[in-house]
Amino acid sequence: MKLKEALQTGFLLFDGAMGTMLQEKGLAAGMQPEYFNLTHPEVVTEIHRQYVAAGADIITANTFQANGHKIPKVELPKIITAAVKLAKDSGARFVAYDMGPIGALLAPLGTLSFDEAYKLFAQQARLAERAGADLVVLETVSDLLEAKAAILAIKENTDLPVFVTMTYQADGRTFVGCDSVTATLTLQALGVDALGVNCSLGPKELLPVVEEITRYAQVPVVVQANAGLPEMENGATVYRLTPAAYLAAIAPMLDLGVTVVGGCCGTTPAFTRGLRELLDSRQPVVGVAEKVTAVTSGVQTVILDERLTVIGERLNPTGKKRLQAAIRQKDLGYLLKEGIQQVTDGGDILDVNVGLPEIDEAAMMQEVIPALQSVVNVPLQIDSSSVTAIEAGARIYNAGP
């Protein structure tokens, strides 16, 4: 049975933690776990086999940090190829290439450009497919723009299914401020095959987030929580939650319609074994997602149904000589001031049109949209008579298509 068919016909069980398991096998502090694929392949394979024996359907390759930003170019193909092979050698039903954040913030929060991030993700995705991975799981993501770069890179360079799990804090938002509703609506609009949450907190603390995700998700929902909140003991990180307590917290999520589960930091084959027994005793709950007409930014959602929505139109140059001059002169300061003022005045969405006959509208759109998104949180309405300009703006817009 192929992965997509399995995803639609029953539960799927991911494995548990790799990093904490490797630490018990001698991984030194500060060493990247991915190098164990080359230096200690027998250790990595044995961990994978323990998870297979415990009942995991999907084994995650030891590749979380395997990207060109963290690993030298010459070593990356060797590490990724070895990681996928070791996972396949374990007898896994399916092998997931594990794709984590790059480790550098994308602009405007950091200095990494969208195109640079795309290239790093595309390189990994092509290597993963060539090595024989069955899917890519993009996990522990905080920034929707980084997730978008990765999703486009995977979908445009491979035929691999894509699962995406974000990581949330105690306030229900990611590190950069994205809430679970915004992430869910955006990710499914980008065409992912499954979405949800990983890492973050313990499963009990994640229940409110999962409730929001399952309310709006029209694709299968994934939950891979930590074994509780980490604590420091004698200089080492420990997780106190027992497998029994973990299962007790996961069970209500199955009632909400979650169909893909596993474990993250601190979980072990004992957790996987318990989850297998739990899933085998249940039938998937078929939920009905709430359908809404909505637009999103990178951190905020505006639901359009049954409410008055105010769209600010002052960033449209038609009949506005001062704005026309600002666009010609690339005076982004003026455009940003206009955008901020419209939000202050109650705008829910900002229309963005930079079309003038004498400028490169697509290039200007790619400058204006990130700049606006660095100062306002509301969604943007990309407005143009040029298909090229709309495509250019939509591609780097921090939200769905």
Subject >> Leu380, Leu335, Asn353, Ile382 screened by side chain to side chain contact (heavy atoms under 4.5 Å, CB included) with Val368, the one that passes >> reply: Leu335
Original post:
Any sub-3.5 Å donor-acceptor pair from Thr167's side-chain atoms to Ser200's backbone N or O?
Top reply: yes
**OP:** For side-chain contact (heavy atoms from CB on, under 4.5 Å), just list the numbers for Leu160 and Leu135, CA-CA rounded to whole Å, side-chain angles, deciding distance to a tenth of an Å, and then say yes or no.
**Re:** CA-CA 5 Å; Leu160 296 175; Leu135 70 149; 5.6 Å; no
Subject >> Full working for side-chain hydrogen bond (donor to acceptor under 3.5 Å, both in side chains) between Thr45 and Ser90 >> reply: CA-CA 6 Å; Thr45 300; Ser90 70; over 6 Å; no
**OP:** Tell me, yes or no, whether the heavy-atom count around Tyr334 atom OH, taken from other residues, nucleotides or ligands under 6.0 Å, exceeds 12.
**Re:** yes
Original post:
For residues Thr318 and Asn316, is any side-chain donor paired with an opposing acceptor at under 3.5 Å?
Top reply: yes
**OP:** Please determine, by modelled atom types, if Asn198 and Thr140 share a side-chain donor-acceptor pair under 3.5 angstrom.
**Re:** yes
Original post:
Are any non-hydrogen side-chain atoms of Val197 and Val222 less than 4.5 angstrom apart?
Top reply: no
Original post:
Between the main-chain N or O of Ala66 and the side-chain N or O of Lys70, is there a donor-acceptor pair closer than 3.5 Å?
Top reply: no
Subject >> Minimum-distance pair of heavy atoms, taken over all atoms of Phe271 and Gly266 >> reply: CE1-O, 4.0 Å
Original post:
More than 12 foreign heavy atoms under 6.0 Å from NZ of Lys85: is that the case here?
Top reply: no
**OP:** Could you check Tyr118 against Asn157 for side-chain hydrogen bond (donor to acceptor under 3.5 Å, both in side chains), going step by step and ending with a plain yes or no?
**Re:** CA-CA 11 Å; Tyr118 176 94; Asn157 290 275; 3.1 Å; yes
Original post:
Does a salt bridge link Asp345 with Arg314, judged by any charged N lying under 4.0 Å from a carboxylate O?
Top reply: yes
Subject >> Glu231 atom CD: more than 12 heavy-atom contacts under 6.0 Å >> reply: yes
Contacts table for residues 284-295: side-chain donor-acceptor under 3.5 angstrom, sequence neighbours left out:
from, atom 1, to, atom 2, distance (Å)
Glu290, OE1, Arg215, NE, 2.8
Glu290, OE1, Arg215, NH2, 3.3
Thr293, OG1, Asp305, OD1, 3.2

**OP:** Enter the distance from Asn398:CG to Ser374:OG here, rounded to the nearest 0.5 Å.
**Re:** 11.0 Å
**OP:** To the nearest 0.5 angstrom, please state how far the CG atom of Leu190 sits from the CG atom of Leu195.
**Re:** 10.5 Å
Original post:
Taking 4.0 angstrom as the limit, do Arg49 and Asp15 come out as a salt bridge?
Top reply: no
Subject >> Thr186 side chain vs Ala183 backbone, donor-acceptor pair below 3.5 Å >> reply: no
Original post:
Looking just at side-chain N and O atoms, do Thr165 and Gln224 make a donor-acceptor pair shorter than 3.5 Å?
Top reply: no
Original post:
So, are Lys148 and Asp143 salt-bridged, with charged N and O less than 4.0 Å apart?
Top reply: no
Subject >> Heavy-atom closest contact (Ala83 atom, Asn37 atom, distance) >> reply: CB-ND2, 3.3 Å
**OP:** Report the distance from atom CD1 of Ile154 to atom CG of Asp159, rounding to the nearest 0.5 Å.
**Re:** 12.5 Å
Original post:
Are the charged groups of Glu156 and Lys119 less than 4.0 angstrom apart, N to O?
Top reply: no
Original post:
Heavy atoms, side chains only, cut-off 4.5 Å: are Phe163 and Leu7 in contact?
Top reply: yes
Subject >> Glu361 side chain vs Leu356 backbone, donor-acceptor pair below 3.5 Å >> reply: no
Subject >> Residues Asp351 and Gln381: side-chain donor-acceptor under 3.5 angstrom >> reply: yes
Subject >> Tyr51 side chain to Ala17 backbone, donor-acceptor under 3.5 Å >> reply: yes
**OP:** Just do the side-chain contact (heavy atoms from CB on, under 4.5 Å) check on Asp98 and Glu139 with the steps written out, would you?
**Re:** CA-CA 7 Å; Asp98 189 7; Glu139 62 177 1; 2.7 Å; yes
**OP:** For residues Leu247 and Gly274, report the shortest heavy-atom separation together with the two atoms involved.
**Re:** CD2-C, 3.5 Å
Original post:
For the side chain of Arg93 and the backbone of Asp57, is there at least one donor-acceptor N/O pair under 3.5 Å apart?
Top reply: no
Subject >> Charged N-O contact under 4.0 Å between Lys88 and Asp134 >> reply: no
Subject >> Side-chain donor/acceptor of Glu116 to backbone N/O of Ser113, under 3.5 Å >> reply: yes
**OP:** Indicate yes or no: at least one non-hydrogen side-chain atom of Phe36 is less than 4.5 angstrom from one of Val43.
**Re:** yes
Original post:
Glu146 versus Phe121: any side-chain heavy-atom pair under 4.5 Å?
Top reply: yes
Original post:
Taking the side chain from Gln188 and the backbone from Gln218, do they hold a donor-acceptor pair closer than 3.5 Å?
Top reply: yes
Original post:
Taking side chain as C-beta onward, heavy atoms only, is Gln124 less than 4.5 Å from Thr63?
Top reply: no
Original post:
To the nearest 0.5 Å, what is the distance between OG1 (Thr111) and CG (Leu105)?
Top reply: 8.0 Å
**OP:** Apply side-chain hydrogen bond (donor to acceptor under 3.5 Å, both in side chains) to the pair Thr301 and Thr296, showing each step before the final yes or no.
**Re:** CA-CA 4 Å; Thr301 296; Thr296 63; 5.5 Å; no
Subject >> N/O donor-acceptor pair under 3.5 Å between Gln366 side chain and Gly393 backbone >> reply: no
**OP:** Taking the side chain as every heavy atom from C-beta outward, state whether Val95 and His48 have any pair of such atoms under 4.5 Å apart.
**Re:** no
Subject >> Inter-residue atom distance Arg276.CZ - Leu13.CG, 0.5 Å rounding >> reply: 5.0 Å
Original post:
Step by step, would you call Arg307 with Thr309 a side-chain contact (heavy atoms from CB on, under 4.5 Å)?
Top reply: CA-CA 6 Å; Arg307 57 159 286 180; Thr309 303; 3.6 Å; yes
Original post:
For Thr267 and Ala225, which heavy atoms make the closest approach, and how far apart are they?
Top reply: CG2-O, 4.0 Å
Subject >> Flag, side chain of Asn226 to backbone of Cys265, donor-acceptor distance under 3.5 Å >> reply: yes
Subject >> Minimum side-chain heavy-atom gap Ile311-Asp348 below 4.5 Å >> reply: no
Subject >> Shortest non-hydrogen separation from Pro252 to Ala248 and the atoms involved >> reply: CD-O, 3.2 Å
**OP:** To the nearest 0.5 angstrom, please state how far the CE atom of Met253 sits from the OG1 atom of Thr259.
**Re:** 13.5 Å
**OP:** Would you please test Phe94 and Ile59 for side-chain contact (heavy atoms from CB on, under 4.5 Å) and show each step?
**Re:** CA-CA 6 Å; Phe94 301 111; Ile59 293 298; over 6 Å; no
Original post:
Closest approach of Cys178 and Leu144, non-hydrogen atoms and distance?
Top reply: SG-CD1, 3.6 Å
Original post:
Below 4.5 Å, heavy atoms only, C-beta onward: do Pro101 and Gln65 meet side chain to side chain?
Top reply: no
